[in-house]
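Note: hydrogens, waters and symmetry copies are ignored here, and every other heavy atom, side chains too, is used. Model, not experiment: these values are computed from the prediction. Each ligand, and each atom within it, is numbered from 1 in the order the structure gives.
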Amino acid sequence: MKAYWFDNQPGDQRDDHDSGKLVDSDYLRDLGILYYRCPSIDEVDAIAKERSYKNRDEITVSPEKMGDVYEDKVKMFFNEHLHEDEEIRYILDGNGFFDVRNERDDWVRIRLEKDDLIVLPAGIYHRFTTDTKNYIKAMRLFKEDPQWTPLNRRPEVDENPYRQSYFQASSV
Ligand code: KMT
Ligand code: NI
């Protein structure tokens with residue numbers, strides 16, 4: 001895992017967009033983001049148990065797996081959105097970026113690799129992309145009744161109660 005401020009430069013979303021300014025783990029914690037290194041599935045199982053996650057699936061995002069729809073999917077994942085539940089991802093192979101907003105609407109880019117597990121809190125605006133290698137395999141963990149629907153950013157979504165609670169809980 002590596003977290004840094006997004007450079008806001010034009011170019012492919014899959015480029016690094018690394019401004020050179022790192023973001024430390026305390027700041028991620030202030031945003032409500034949890035990060036764990038899980039070298040084996042045992043650590044993932046423990047986190048899932050503690051947080052009452054009962055289900056999981058695996059997704060491979062690559063042109064090989066997705067064929068013609070790959071480019072569209074990658075663009076869709078990159079639409080800024082939030083969820084009314086946490087988003088937990090455990091990286092099984094490959095790489096990808098989660099971009100998360102702070103309260104000033106700056107983007108923090110989080111680069112994930114194999115064995116990284118990330119928990120994004122409900123209500124945080126974020127987006128996802130593969131990198132230039134165009135390959136990631138990830139486990140998605142969810143509770144029995146996942147509130148996974150992405151709510152794309154718009155004025156009504158800013159007023160969403162889960163967004164409001166996130167704002168109150170995060171300390172930046
Ligand atoms: C997401 O939440 O955008 C995804 O599930 C993308 C693939 S998982 C790394
Ligand atoms: Ni999401």
Asks: Check each atom of ligand 1 against the heavy atoms of R89 and keep those under 4.0 Å away; list them by number with element.
Replies: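 That gives atoms 1 (C), 2 (O), 4 (C), 5 (O), 8 (S) of ligand 1.
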Asks: Which of the N/O/S atoms in H83 sits closest to the Ni ion (ligand 2)?
Replies: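 Within H83, restricted to N, O or S, the Ni ion (ligand 2) is closest to atom NE2.
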Asks: Give a yes or no on whether a salt bridge exists between R109 and D99, defined as a side-chain N under 4.0 angstrom from a carboxylate O.
Replies: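 Answer for the salt bridge query: yes.
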Asks: Determine which of the N, O or S atoms in H81 is closest to the Ni ion (ligand 2) and give its atom name.
Replies: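 In H81, the N, O or S atom with the shortest distance to the Ni ion (ligand 2) is NE2.
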Asks: Hey, would you say the Y27 and W5 ring centroids sit under 6.0 Å apart?
Replies: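 Judged by ring-centre distance (under 6.0 Å), Y27 and W5 do meet the cut-off.
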Asks: Return the residue, atom name and 0.1 Å-rounded distance of the protein heavy atom closest to atom 6 (C) of ligand 1.
Replies: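 The closest one turns out to be F128 CD2, 3.5 Å.
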Asks: Only heavy atoms of E87, strictly under 4.0 Å: list the atoms of ligand 1 that pass.
Replies: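 Counting atoms of ligand 1 from 1, those under 4.0 Å from E87 are 1 (C), 2 (O).
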Asks: Determine, step by step, whether N95 and R111 satisfy the side-chain contact (heavy atoms from CB on, under 4.5 Å) criterion, reporting the C-alpha distance in whole Å, the side-chain angles of both residues, the deciding distance to 0.1 Å, and the verdict.
Replies: CA-CA 7 Å; N95 296 95; R111 175 184 175 76; 3.2 Å; yes
Asks: Would you indicate whether the side-chain heavy atoms of I59 and V61 approach each other to under 4.5 Å?
Replies: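 Yes; the side chains approach each other to less than 4.5 Å.
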Asks: Only N/O/S atoms count here: what is the atom of E87 closest to the Ni ion (ligand 2) called?
Replies: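 Looking only at N, O and S atoms of E87, the one nearest the Ni ion (ligand 2) is named OE1.
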Asks: For the residue pair F6 and H17, categorise the inter-ring angle as parallel (less than 30°), tilted (30 to 60°) or perpendicular (more than 60°).
Replies: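 Parallel.
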